[in-house]
There are 2 protein chains.
Amino acid sequence: MKATDSRNLHGHVIRELGKRIVVGDLRPGDVLPREEDLAESMDVSRTALREALKVLSAKGLIESRPRVGTRVRATHFWNQLDADVLSWRCASMPTDDFIEKLVEMREIIEPAAAAAAARRRTATQLAQVDLAYRKMEAARDTEEWAAADLSFHDAVLQATGNELMISLFSVVESALGMFFVLSAKTAGDFSYSLPQHLKVLEAIRRQQPEVARKAMQGMIADSLANLRKKRKGRTKKAS
Amino acid sequence: MKATDSRNLHGHVIRELGKRIVVGDLRPGDVLPREEDLAESMDVSRTALREALKVLSAKGLIESRPRVGTRVRATHFWNQLDADVLSWRCASMPTDDFIEKLVEMREIIEPAAAAAAARRRTATQLAQVDLAYRKMEAARDTEEWAAADLSFHDAVLQATGNELMISLFSVVESALGMFFVLSAKTAGDFSYSLPQHLKVLEAIRRQQPEVARKAMQGMIADSLANLRKKRKGRTKKAS
DNA sequence: CTCGGTACGTTTGTATGATAAATTTCGGAC
DNA sequence: GTCCGAAATTTATCATACAAACGTACCGAG
């Protein structure tokens with residue numbers, strides 16, 4: 001689910017510059033080349049470049065002022081929850097520090113969401129969670145499983161009926177995405193968390209908020225433990 | 001803290017169109033007039049209009065395709081957490097339903113943030129929370145109090161050291177903003193929540209996560225009760 | 001010598017017009 | 001009736017020009 005469409009020309013420019021900034025290639029305070037030069041160096045017209053700059057501006061990454069130019073803003077101005085910013089940060093192997101922050105967000109968001117879902121879910125919303133669970137059961141490879149897992153967590157968020165909560169899916173998506181990448185090497189055991197998903201599903205079905213919350217907490221705790229194990233192995237291998 | 005700068009011409013267009021969409025004047029599925037006509041009707045060049053459309057596109061509000069035109073996207077595509085989208089929604093007296101959702105987000109975000117802050121806060125971060133609290137104590141009118149209150153809740157978020165958490169300030173800001181507006185009529189008693197803020201501050205100072213969490217929960221619960229009381233009065237008056 | 005204001009140059013902001021690309025729609029051939 | 005291609009419309013992109021804003025440096029007054 002890429003927010004910026006890379007088919008369009010200025011979409012490409014957005015991604016290119018956005019990544020460079022988020023990754024740290026361009027640092028806060030740095031001023032970009034003048035629009036005319038930058039446009040030429042990226043092989044687009046100044047018009048297209050400016051449309052991209054406006055979008056990056058809206059994401060809080062840059063700020064343009066006449067005469068002084070366009071410069072990268074301090075990180076605390078960035079829309080860290082923006083789907084693009086998140087995906088750009090995850091694109092170039094994020095620091096362990098950032099992964100911890102993503103997991104912390106999951107620990108806060110998802111148990112609360114599971115509880116709210118158990119409290120208020122409609123029949124159709126429950127059916128969506130159930131469907132996602134059955135797709136996880138039926139998954140035959142990691143790719144299918146990843147897609148089903150994502151749709152499960154999405155369905156839980158949807159079942160809260162709170163669109164603000166639902167918009168936090170981009171955070172959950174990034175966290176799960178990182179997890180998939182780090183777990184890719186040791187595939188095969190990708191269904192170990194199925195029972196925990198079932199617990200969440202059943203709690204939502206039976207409308208037991210606290211049970212759903214605990215089940216989700218457990219799932220994330222396990223996921224975190226697994227992540228740390230993988231990471232330790234990776235670090236050990238690297239050293 | 002307005003994200004889009006209204007000084008610029010296209011910033012004005014962003015706000016104008018964005019509000020119309022978020023408020024519901026333009027409904028999902030509606031197609032906007034052709035760029036040339038729309039630009040003329042808003043007294044800007046097509047260039048400026050397109051820069052605005054790109055930003056609204058990045059916020060998920062609209063989608064442009066050649067030949068078919070620009071149309072308003074379904075609400076589930078909107079970046080509901082975007083500071084602009086939130087402020088536009090709050091600008092025209094939001095529905096009670098939306099206020100409930102904002103409060104629910106607070107109930108999830110802020111207690112968790114308080115706990116994390118208590119766990120990890122640095123000395124300087126604590127000092128910021130303390131400073132905000134003292135500004136609340138010293139506030140002489142509702143305006144000063146509102147500013148201090150906002151900076152208190154901001155400082156708690158900052159103290160988590162998690163930039164993803166910090167970015168959720170826009171949600172807290174909107175929720176508090178609504179509360180201030182609804183409480184405006186019955187001013188004077190604006191300091192009743194001071195003891196609760198003190199509890200949070202002290203728990204963070206003493207690094208007691210669970211105490212901080214409970215204190216924050218209590219504060220929000222009271223705030224919600226107060227809100228419902230006000231709203232009932234308002235509804236009764238209106239009927 | 002310092003302070004302040006003014007003129008100048010640079011960069012973004014905005015406007016205009018033209019061309020390319022994409023996609024729906026309509027019409028014609030089979 | 002169906003399928004394929006041409007046309008028309010709208011966004012996408014480009015090129016150019018001018019306006020506005022904002023440092024900066026220069027100049028003059030005290």
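Note on naming: letters A, B, ... go to the chains in the order of the sequence lines (proteins, then strands), and numbering restarts at 1 for each one. Hydrogens, waters and symmetry mates play no part in the numbers below; they use all other heavy atoms, side chains included.
- The side chain of A/H10 contributes no N or O atom lying less than 4.0 Å from OP1 or OP2 of D/dA12.
- Among the atoms of the strands shown, only primed sugar atoms or phosphate atoms (P, OP1, OP2) are found under 4.0 Å from some heavy atom of A/S64.
- In the interface, the side chain of B/T47 is paired with the base of C/dT16 through a donor and an acceptor atom under 3.5 Å apart.
- With salt bridges taken as basic N to acidic carboxylate O contacts below 4.0 Å, none links A/R46 and A/E51.
- For the pair B/R46 and A/P66, both in contact range of DNA chain D, the more 5′-proximal nearest nucleotide belongs to B/R46.
- One can place CG of B/L49 at 14 Å from C1' of C/dT16, the figure rounded to the nearest angstrom.
- Considering only the side chain of A/T70, C/dT12 comes nearest among C/dT24, C/dT12, D/dT11.
- When ring centroids are compared, B/F169 and B/H153 stay outside the 6.0 Å threshold.
- Within 3.5 Å, no donor on the side chain of A/R65 pairs with an acceptor on the base of D/dG23, nor the reverse.
- For B/S45 and C/dT14, the shortest distance from a side-chain N or O to OP1 or OP2 is not below 4.0 Å.
- Electrostatic pairing of B/R27 and B/D30 does not count as a salt bridge here, judged by no charged N lying under 4.0 Å from a carboxylate O.
- Where A/V68 and A/N8 each meet DNA chain D at their nearest nucleotide, the meeting point lying more 5' is that of A/N8.
- Regarding B/E40, its CD atom lies at a distance of 16 Å from the C1' atom of C/dT14, rounded to whole Å.
- Under 4.0 angstrom from either OP1 or OP2 of D/dT10 there lies at least one side-chain N or O belonging to B/R34.
- With respect to B/R120 and A/E104, a salt bridge is recorded, a charged nitrogen being found less than 4.0 Å from a carboxylate O.
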